[in-house]
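Letters A, B, ... mirror the listed sequences (proteins, then strands); counts begin at 1.
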Amino acid sequence: MRKNKKMLIFFFLPAGLMMFMFFLIPAVKLIVDSFFKYNIADISQKSFIGLKNYMDVFTSEKFALCVANTVKYVVGAVGIEFMFGLLLALMLNVGFKGSQIMRTLMLTPLMMAPLVSGLVWKYLLSDQFGIINWGLCRLGILDNAHAIMWLSDPKVSLISCILADVWLNTPFIMLVLLAGLQGIDPTYYEAAQIDGASTIKLFYHITLPLLRPNIVIVLLIRVMDALRSFDVIWAMTQGGPNFSSEVISTYIYKSNVRFGQVGEASAMAVIFMIVLLLLAWFFMKNVWKLNED
Amino acid sequence: MRKSLKRLVPFLVCLIFVFIFLFPFLFTVSTSLKQPSDVISTQPRFFPNPVSIQNYRDMFAYLAFGKYLANSLIAASVSTIISLILGSLAAYGLSRFHSRLSTFFMYLTLMIRMIPLVCISVPIYSVINKIGLRDTHIALIFVYASIGIPFVIWMMMGFFDGIPRELDEAALVDGCGCFGVFFRIMVPVSINGMATTAIFTFLTGLNDFLFALLITMSGTKTVPVGLSEFLTEYNLQLGPMAAGAVLFSLPIILISFVIQKKIVKGMTMGAVKG
């Protein structure tokens, strides 16, 4: 037993040290920073102000706006991605000629760097040279090519970011659900069909219950990822115009790097981190069910 | 007749989605081959006419693309090797030497994976500064390796747990040390899983933007940071951006088609295991 512990520490130590250096020390520094006020002109001057930064964050209208935007972004993007992903997985699972090739081609968005995808979508959605507005105009949906200002209209900018996120991540949900579908034993369907069940009944009483583990997990992963997403939004709008597409992650970055509000940004980051870790803890306890032996 | 209709509808739906998924990239390729004045035409066309490589020339003139690509590749590949070695060793320890400590380490690793990187990016930057690694390749390599390690541990633990203990017990009886068991049994048996894990760790480093943006200066900039500078409020160079995006993404997309089995397996495994 003693020896086991020694061996465990021996094998874990190098990886543990790396994580300690670049995750735990920065996390501790973040927490410490959140209790100080920094002088914007001279970052080396700081004074302890206790929980003031946290009070400021909780009463800040901008932070509330970012939280609201983040929730909209996550619910919108993951919801649409799930619908399309499930639809595609079901369709591909039919196994028509060419379904293999189509699945492979659908991997394309996953292979592009999120930042590059964001830049490409910024160009596609441009209200001057963008092909999407031009196409909508040609189809007669819009009456002129500048009718929707995808990126510069505060009412639409968040939706544009969601659009790019949906394009980027739907294939992932499709893949995980398809893997689940392919694992379902076909004899279930055969038995139910002999009993005369309709296609819709098959879907509700066999497919959905058996696919449930995959659905739960893919939704959890996507929700955690979407909460943290930064690159796409940064490339497309940088949170603008006028904070209309600002999410928590871009706001933390901006407050820190652009506005030099280290204390407040740290307080926001600590709150965000705690919320995400609690969520993760809840998921791990209840859904992943780590085997503890 | 009914049967073929049953296949026709999925076929058509999937075809439409394949088009949607491919279109942005295909349009980027075609944009990169247009002549500069056509790129910013208010009457955009899909096919480049006439075809021109001026955008590629411009891109190379503005951007030290070769150097940035080398920076990206060095950071991503060296960090992958480091996190694969350290992560697999840790995973072996966690998989074979159970105790309350190992459960604690496992939770710690998972929690670390869940920390939003944007929260600790600036503190990481100050740690890098403190130890004097600013604007060095080593800084990016260390950061990417640290991000990769929790992922590698999690993936490899899944593979190692699937290897029967009788195998390592037999090797121990035959006089192998623990390292012998690791290198002669665990690694060869799970080499496929390691390759899959390596692909994803590599892609994470290659595609990172946040840390490269913060940590790198002129000397160690990576391709995503370079490309992002083409499209800002003050600077709008769509053609060269498209050219750079194609050169950066096309090889990865083509390779992914060849090794798609591994990629699909890695994604679904990583997902199902967490």
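Looking at residues two or more places apart in sequence or on another chain, you find no side-chain hydrogen bond (donor to acceptor under 3.5 Å, both in side chains) involving B/Thr31.
Side chain of A/Trp234 to main chain of B/Leu210: no donor-acceptor pair is present (N/O by atom type, distance under 3.5 Å, no hydrogens or angles). A/Arg228 contributes no side-chain N or O that, together with a main-chain N or O of B/Leu117, makes up a donor-acceptor pair within less than 3.5 Å.
Evaluation of the side chain to side chain donor-acceptor pair (under 3.5 Å) test over residues 260-275 of chain A, restricted to residues two or more places apart or in two chains, returns none.
Nearest heavy atom pair, residue B/Cys14 against residue A/Met91, reads SG-CB, 3.6 Å. Of all heavy-atom pairs between B/Pro24 and A/Val120, the closest is O-CG1, 3.8 Å.
With contacts defined as side-chain heavy-atom distances shorter than 4.5 Å, the pair B/Ile115/A/Leu276 does not qualify.
With A/Leu105 as the partner, the side chain to side chain contact (heavy atoms under 4.5 Å, CB included) test is satisfied by one option alone out of B/Phe17, B/Phe21, B/Phe257: B/Phe257.
The ring of B/Phe27 has its center closer than 6.0 angstrom to the ring center of A/Tyr123.
Atom CG in B/Leu15 sits 4.5 Å away from atom CE in A/Met102 (nearest 0.5 Å).
No more than 12 heavy-atom neighbours from other residues, nucleotides or ligands sit within 6.0 angstrom of CZ on A/Phe20.
Between B/Phe179 and A/Phe11, the angle of the ring planes lies from 30° to 60°, which puts this pair in the tilted group.
The contact between B/Leu203 and chain A is made entirely by side chain atoms (from C-beta outward), counting heavy-atom distances below 4.5 Å.
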